[in-house]
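This report refers to the structure that appears directly beneath it.
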Amino acid sequence: MKGFLYLVIWALAFAFSCSSAPANATPDPAEGEALYRKYCALCHGADGRKGFNGAPDLTLSTLKREERIRLIGDGKGQMAPYKELLTPAQIEQIADFTLTLR
Ligand code: HEC
């Protein structure tokens, strides 16, 4: 009976270690779109063209993926930095989504 108990504890510990693995390890475009709509569409619009508060039209942006990731994390001008709010993986997902707006 004791052996069974250890097995249960081991199984629980294993399940926990799995669920605490980085949730966004694999890129998921749908997730990036959902995050974009939540955090970015206010100024940039769902299609990237809104231009609220002087936000540039993202469909015309020539920034590379790395530059977008850095800009989203650090912010610029009227745009707030997002690195405190989002994980690096989430920022990458959003950057990837903005690249699909072109
Ligand atoms: C408060 C309004 C606002 C929000 C919210 C906002 N932005 Fe911006 N964004 C701006 C403004 C304004 C600029 C121009 C910054 C500058 O050049 O001074 C900008 C610039 C950018 C650029 C650079 C475009 C280029 O080619 O120069 C990208 C990419 C971008 N934003 C993506 C995002 C993403 C992704 C989010 C969501 C995480 C977001 N923005 C949220 C206002 C906003």
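Throughout, numbering of the chain's residues begins at 1 and tracks the sequence. Keep in mind that what you see is a predicted model, and the values were worked out from it rather than measured.
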> For Phe97 and Glu31, what are the C-alpha separation, side-chain angles and deciding distance, and is it a side chain to side chain contact (heavy atoms under 4.5 Å, CB included)?
Replying inline: CA-CA 9 Å; Phe97 174 72; Glu31 182 70 9; over 6 Å; no
> Atom OG1 in Thr100, atom CD in Glu33: separation rounded to 0.5 Å?
Replying inline: 7.0 Å
> What residues, two or more places apart in sequence or in another chain, satisfy side-chain contact (heavy atoms from CB on, under 4.5 Å) together with Lys83?
Replying inline: Asp74, Ile91
> If you measure from CE on Met79 to CD1 on Ile72, what distance do you get to the nearest 0.5 Å?
Replying inline: 5.5 Å
> Are the side chain of His44 and the backbone of Lys50 linked by a donor-acceptor contact shorter than 3.5 Å?
Replying inline: no
> So which heavy atom on Arg65 is nearest to which on Ala95, and how close?
Replying inline: O-CB, 4.4 Å
> Between atom CG of Asp47 and atom OG1 of Thr59, what is the distance when rounded to the nearest 0.5 Å?
Replying inline: 7.5 Å
> Roughly how far, to the nearest 0.5 Å, is CG of Leu42 from CZ of Arg37?
Replying inline: 13.5 Å
>> Could you see if Leu63 belongs to whatever hydrophobic cluster contains Leu86? Use Ile, Leu, Val, Met, Phe, Trp, Tyr and a side-chain cutoff under 4.5 Å.
In response: yes
>> Taking Leu58 as the starting point, is it possible to reach Tyr39 by hopping between hydrophobic residues whose side chains are less than 4.5 Å apart?
In response: yes
>> Please tell me whether Arg68 and Thr98 have a donor and an acceptor in their side chains that are separated by less than 3.5 angstrom.
In response: yes
> Mind checking whether Leu71 and Ile94 sit in one hydrophobic cluster, side chains of I, L, V, M, F, W, Y counted as touching below 4.5 Å?
Replying inline: yes
>> Minimum heavy-atom separation for Pro81 and Gly73, please, with both atom names.
In response: CB-O, 3.3 Å
> Ion pair present between Glu66 and Arg70, side-chain N to carboxylate O less than 4.0 angstrom?
Replying inline: no
> For Ala46 and Ala41, which heavy atoms make the closest approach, and how far apart are they?
Replying inline: N-CB, 3.9 Å
> Going from CD on Gln93 to OH on Tyr36, what distance comes out if it is rounded to the nearest 0.5 angstrom?
Replying inline: 15.5 Å
>> Once rounded to the nearest 0.5 Å, what's the spacing between atom CG of Leu101 and atom OG of Ser61?
In response: 10.0 Å
